[in-house]
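Written out below as structure tokens is the structure these notes cover.
Numbers here simply count residues along the sequence, with the first being 1.
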Amino acid sequence: MNNAKLLRNLPAVDEVLRRPELDATARAVSRRQLTKWIRAAIDECRQSILDGQALTEESAASFVIDRTLGHFAQEMSRQQQPVINATGILLHTNLGRAPLARRAIERMQQTAGYTNVELDLNAGKRSRRADRACELLCQLTGAESALIVNNCAAATMLVLQTVAAGREVVVSRGQLVEIGGGFRLPEVFAASGAVLREVGTTNRTYLKDYEQALTENTAAIIRVHRSNFYQGGFVTEPDISDLVSLGREHNVPVIDDVGSGCVSDLSSYGLNEPSVTLSIQQGADLTLFSGDKLFGGPQAGIIAGRNHWVSKCARNPMMRALRVDKVTIAAIEATAEIHLADTAESELPLMQMLSRRATDIRSACEQLHAQLEVPPSMRVTVCECTSQIGGGSVPGSALASHAIRIAGGDSEEIARKLRQSTPAVLGRISEDAVLLDLRTVPEERMTDLRVVLQNALHRDGT
Ligand SMILES: *Cc1c(COP(=O)(O)O)cnc(C)c1O
């Protein structure tokens, strides 16, 4: 058969659109999108024919349908969807950092419709947005006043712009950090209009370095928590109380960007993160932290501190651009309530994962391992590993944990299969094996994990 004849076997777009195989797809996406995929598939089919493939009418049609369903599946995989985090990284920025507490999720659902976000139900009058959430944050941190913005980067921007636009902010050279995802402190300073006044050296900065930098053009002193790396050896820097004394003496406010937002003592887990409460107790005028790191809540930036400075930030017109929505406020309220009620260990997923004992994680691994059917070409074992806090918190932290280790196959390929499953499973690759650290997998996801893992093993092993 010649090409011209074969090309007549190509289906028409309308014909394909009517095929029952595409009914579900047609309901899920726009007709325009579907048509685009079908056209692309027909073009591909045409090219195959021109390249010498003899496709019948029916094989051409099923080729087009398969390709279209493929496009649809690919589109669906891009949907934001639940992921099983078996990386052992508790606050994984790519996976949405802190998983929320049930109480927070319920409150987000309850407030998704109409809600009294800016209404005092008793007085029947307009109220300040997030009033109660801010009050709870004050109770929790001991601050006079609090403000909620979109994230900690927004908090830094707003605070610097309010306090120091066009003037100098003194900062140690040891704290000019990049947090990740391109968030570089010097660039945020520049964007806020504040002028960076660097003092000290990478490893050593003394109080006198700050003191010598103070002029009538100094608007603030800032301390930035190094978050994602640590310094050891020949290092020194003044602590926040020294900076506060200096600031008081010269009437200069002190800003403390603690980042990770630790509101309880985590030293029993071997974690020594700067505490928000301590920062405020020691007199920082403005303390900034993320809502979705160790606080265990939704993405947000929290500004806590002295009334004078917090109200100044609240009055900045930029505040309108940085404020959070009602659903986020509901989640922060619930998360703050949990911390205040001292039920973080039982209610906050982050704390549950942090406090899981290595022996319990091993038991979970062994139980899962016993249920797996492993093809002869693969070796699946239970091994020791370490979990990380992540999310720019507690650099170098290592929590003893256990993982399911999958070796003997192409580990990149297995990791890809797990990732592309439903639900998606994320592990990590170490020494040519896939590790699934179960510290970050809650009990209720174990069945899903087993099914996905079993499928991935068989598709690769046979
Ligand atoms: C994580 C972090 C930030 C950025 O916080 P986001 O909430 O991600 O914007 C800023 N400063 C410090 C010290 C941090 O650790």
What's the spacing between [X] [atom1] and [Y] [atom2] if we round to 0.5 Å?
X      : Y      : atom1 : atom2 : answer
Ile303 : Ser145 : CD1   : OG    : 10.5 Å
Arg306 : Thr287 : CZ    : OG1   : 9.5 Å
Asn455 : Leu418 : CG    : CG    : 10.0 Å
Thr386 : His402 : OG1   : NE2   : 11.5 Å
Glu443 : Leu449 : CD    : CG    : 11.5 Å
Leu214 : His250 : CG    : NE2   : 5.5 Å

**Request:** Determine, for Lys125 against Asp120, whether the closest basic-nitrogen to carboxylate-oxygen distance falls under 4.0 angstrom.
**Result:**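 No, this pair does not count.
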*Is Arg416 salt-bridged to Glu413, cutoff N-O under 4.0 Å?*
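Salt bridge: yes.
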For this session: Identify, with sequence neighbours excluded, every residue that meets salt bridge (Lys or Arg N to Asp or Glu O under 4.0 Å) alongside Arg31.
Result: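 Arg31 satisfies salt bridge (Lys or Arg N to Asp or Glu O under 4.0 Å) with no other residue.
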### Task
State which residues pass salt bridge (Lys or Arg N to Asp or Glu O under 4.0 Å) with Glu412; sequence neighbours excluded, sorted by chain then number.
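Counting only residues at least two positions away or on another chain, Glu412 forms no salt bridge (Lys or Arg N to Asp or Glu O under 4.0 Å).
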* Could you walk me through whether Ser387 and Leu90 pass the side chain to side chain contact (heavy atoms under 4.5 Å, CB included) test, one step at a time? => CA-CA 8 Å; Ser387 316; Leu90 277 65; 4.3 Å; yes
Q. Shortest non-hydrogen contact from Arg428 to Thr87?
A.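 For Arg428 and Thr87, the tightest heavy-atom pair comes out as NH1-O, 2.7 Å.
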Got a donor-acceptor contact below 3.5 angstrom from the His92 side chain to the Gly390 backbone?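 Checking the backbone N and O of Gly390 against the side chain of His92, no donor-acceptor pair under 3.5 Å is found.
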Side-chain donor/acceptor of Asp448 to backbone N/O of Val452, under 3.5 Å: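 No; judged by distance alone, with no hydrogens or angles, the pair does not exist.
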Residue among Asp256, Asp285, Asp257, Asp242 satisfying salt bridge (charged side-chain N to carboxylate O under 4.0 Å, His left out) with Arg223: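 Exactly one option meets the salt bridge (charged side-chain N to carboxylate O under 4.0 Å, His left out) with Arg223, and it is Asp256.
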Set out, in order, the CA-CA distance, both residues' side-chain angles and the distance that settles side-chain hydrogen bond (donor to acceptor under 3.5 Å, both in side chains) for Glu237 and Gln175, then state yes or no. CA-CA 10 Å; Glu237 63 185 23; Gln175 297 171 4; 3.2 Å; yes
* To do: Assess whether atom CD of Glu444 is packed by more than 12 heavy atoms of other residues, nucleotides or ligands within 6.0 Å.
  =>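 For Glu444, atom CD is crowded (more than 12 foreign heavy atoms under 6.0 Å).
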| task | May I ask you to check whether over 12 heavy atoms, not counting those of Asn251, lie within 6.0 Å of atom CG? | result |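 Counting other residues, nucleotides and ligands, CG of Asn251 stays at 12 neighbours or fewer.
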Under the side chain to side chain contact (heavy atoms under 4.5 Å, CB included) test, residues paired with Arg173 that sit two or more places apart =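 By the side chain to side chain contact (heavy atoms under 4.5 Å, CB included) rule, Arg173 matches Glu198.
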Q | Sequence neighbours excluded - salt bridge (Lys or Arg N to Asp or Glu O under 4.0 Å) pairs with any residue from residues 82-109 | A |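 Listed once each, the pairs are Arg97-Asp292, Arg103-Glu337, Arg103-Glu347, Arg107-Glu333, Arg107-Glu337.
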>> Among residues at least two apart in sequence or on other chains, which ones pass side-chain hydrogen bond (donor to acceptor under 3.5 Å, both in side chains) with Gln33?
In response: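 For Gln33 there are no side-chain hydrogen bond (donor to acceptor under 3.5 Å, both in side chains) partners, ignoring immediate neighbours.
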For Phe295, enumerate each residue passing the ring pair (Phe, Tyr, Trp, His ring centres under 6.0 Å) test, keeping only those at least two apart in sequence or located in another chain.
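If we apply the ring pair (Phe, Tyr, Trp, His ring centres under 6.0 Å) test to Phe295, skipping adjacent residues, the hits are His339.
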Can you check salt bridge (Lys or Arg N to Asp or Glu O under 4.0 Å) on Glu75 and Lys36, steps first, answer last?
CA-CA 13 Å; Glu75 178 72 13; Lys36 212 167 134 189; over 6 Å; no
